[in-house]
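A short worksheet on the structure shown next.
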Amino acid sequence: MARLSTEPYKGTRDWYPNEMRLRSYIFRTWRKVVKSYGYEAYDAPLLEPLEVYAAKSGQELVNDQTYAFTDRGDRQVAIRPELTPSVSRMIAAKQQEIAMPARWYNIGQFMRYERPQRGREREFWQLNCDIFGAEGALPEAEIIGMGAEILKAFGARDEMFTIKINNRRLINSMMAHYLELDGVQAQLMIKLFDKKNKIAPEAFRDQAIEIFGQDGAAKGLQKIAQLLAARTMADLPEVIRDSEVVKEVQELFTYLERAGIKNAMFDITLMRGLDYYTGTVFEFFDTHPENNRSLFGGGRYDGLVGLFGAEPVSAVGFAPGLSMTELFLQVHDLVPKLGSTTDIYMIAIGDGLRGAMKVAEQFRAEGVNVELDFTGRKIDKQLKTAIKKQVDHVMFVGEEELKSEVYPLKNFETGTEQKLSLERIVSAIRDHRAKPTRDDEEFTVDV
RNA sequence: GCGGAUGUAGCUCAGUUGGUUAGAGCGCUGGUUUGUGGCACCGGAGGCCGUGGGUUCGAACCCCAUCAUUCGCCCCA
């Protein structure tokens, strides 16, 4: 029989304890920030009826990029490729009894059948954070502000990222009234704007001409040039500037300024491909030259909850991903040293094993995590094991210690060793734990 | 779905006018007289060179196919 491969399934990763430490650190940092704004955890099923996604995202996307199958009851289901439809369904189902505005978050796992590449995998994790039932620019400012707070909680500084902001209604108005495009042309132009930074200026111009058609091309290009030159709202052509939407955008920027956010800018070319956005759209970009890409984005989507036959409920949300966050932390050198969840690696010496087991129990009763090495190997081997596991403290228990009830506690970080009583060791461990780099949360369990 | 790059030890890689038992560093493991790691020294294990064909007296090396990884395009909920 052929040997089985040890490689994980395409587009997925194995999470060894070492990798889990970084993931846990990212999750708990997300959690800490959103909880501080009053967001509460929720969760949804891993599987949804396929049509939930089809209704929202279009048939092609669903066919090509979901893990879909027919269950034994002949139902078409899909592994969730995103959470927005699920949470919209949940809100719609109980909208009468949910306290609005509802601030909800989830950290979850998703799958999309895609070609893996840098920062994109088939199996991925992301934070979903939404506020339902709140109109106007305040919830938008809150969500964008939280995005910035999250990056700062990882140690990012303002110059490491920028926030681009645009508004869907402004885009529509621009396409229809300023550029004077019909529906089909507008769709094409939105796509073109969306990839403007990815293609050569000549290619952009040629494709724009194609959309305008021969007659309107010259005038159209001139108008686009004027749009692209706009750095603030004031630079926009009058037709657009006078619209009601502009006031909303300006209001949002005012709130952001008050919140101390300095790196937000208006960008008329920011599109966010999705159809369901109805107002503000935004996207966070990494400024690092080696990772010059979108980190995450979001916006207002007021129509989705209404798809489930309920009254429309306004919604603003965003979704940072794990992989992108990892890349961001790596290129900016923001990954902290992360140790084990184990507090003490206990080494039994001589005939001390039986006693060590008892002592370990005493520590555990105090909430200290103790791993007992019962192998009876030489001391240096046991020490090496402790180091390899990245446990910060090692403790020796032999007959002498059991008699005196004073144990040598070695701290690998400082290289020091002290003889301490059980109580003193417990308090030393508690002090040590207060450090933020310690991995103290497991997996995705959300409490 | 399309294009480029790369597959040699656990990891990072060396290894050409195709020639006998395939190498290094790190890691792993045993020891330097068993109550203290990181250093040093001495030993050891571990590879049918991604896989399958072909060319050749002879292939890690050349050719074809295939799979995988990776970067990009499309797409990105």
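Note that the structure is a prediction, hence the values are computed from the model and not measured. Below, chain A is the first sequence line, B the second, and so on; all start at residue 1.
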Distance check needed: B:rC75 P versus A:Glu82 CD, whole Å only. 18 Å
I'd like to know if A:Glu401 reaches the base of B:rG35 with its side chain, counting only an N/O donor and acceptor under 3.5 Å. yes
Using a distance-only test with no angle check, is there a side-chain donor-acceptor pair under 3.5 angstrom linking A:Gln390 and A:Ser340? no
Please state whether the base of B:rU70 and the side chain of A:Gln117 form at least one donor-acceptor pair under 3.5 Å? no
Give the rounded distance in Å between these two atoms: CG of A:Asn291 and C1' of B:rC71. 14 Å
Over how many whole Å does the gap from A:Tyr53 atom OH to B:rC75 atom C1' extend? 19 Å
For A:Phe412 and A:Arg118, take the nucleotide of RNA chain B holding the closest heavy atom to each; which residue's nucleotide lies nearer the 5' end? A:Phe412
Return the pairing partner of B:rU21 with a 3.5 Å limit on both distances, Watson-Crick or G-U wobble; otherwise return none. none
Donor/acceptor link under 3.5 angstrom from A:Arg120 side chain onto base of B:rC75: yes
Between P on B:rU36 and CD1 on A:Ile387, what's the gap in Å once rounded to a whole number? 14 Å
Quick one: which of B:rU34, B:rU36, B:rA77 gets closest to the side chain of A:Lys378? B:rU34
Can you measure A:Lys384 atom NZ to B:rG31 atom C1' for me and round it to whole angstrom units? 12 Å
A:Phe284 and A:Phe296 aromatic ring geometry - parallel, tilted or perpendicular at 30°/60° bounds: parallel
Between A:Glu114 and A:Ile349, just flag the one whose closest nucleotide in RNA chain B comes earlier from the 5' side. A:Ile349
Any side-chain donor-acceptor pair under 3.5 Å between A:Arg118 and A:Ser323? no
B:rC74 base to A:Arg115 side chain: any donor-acceptor pair below 3.5 Å? no
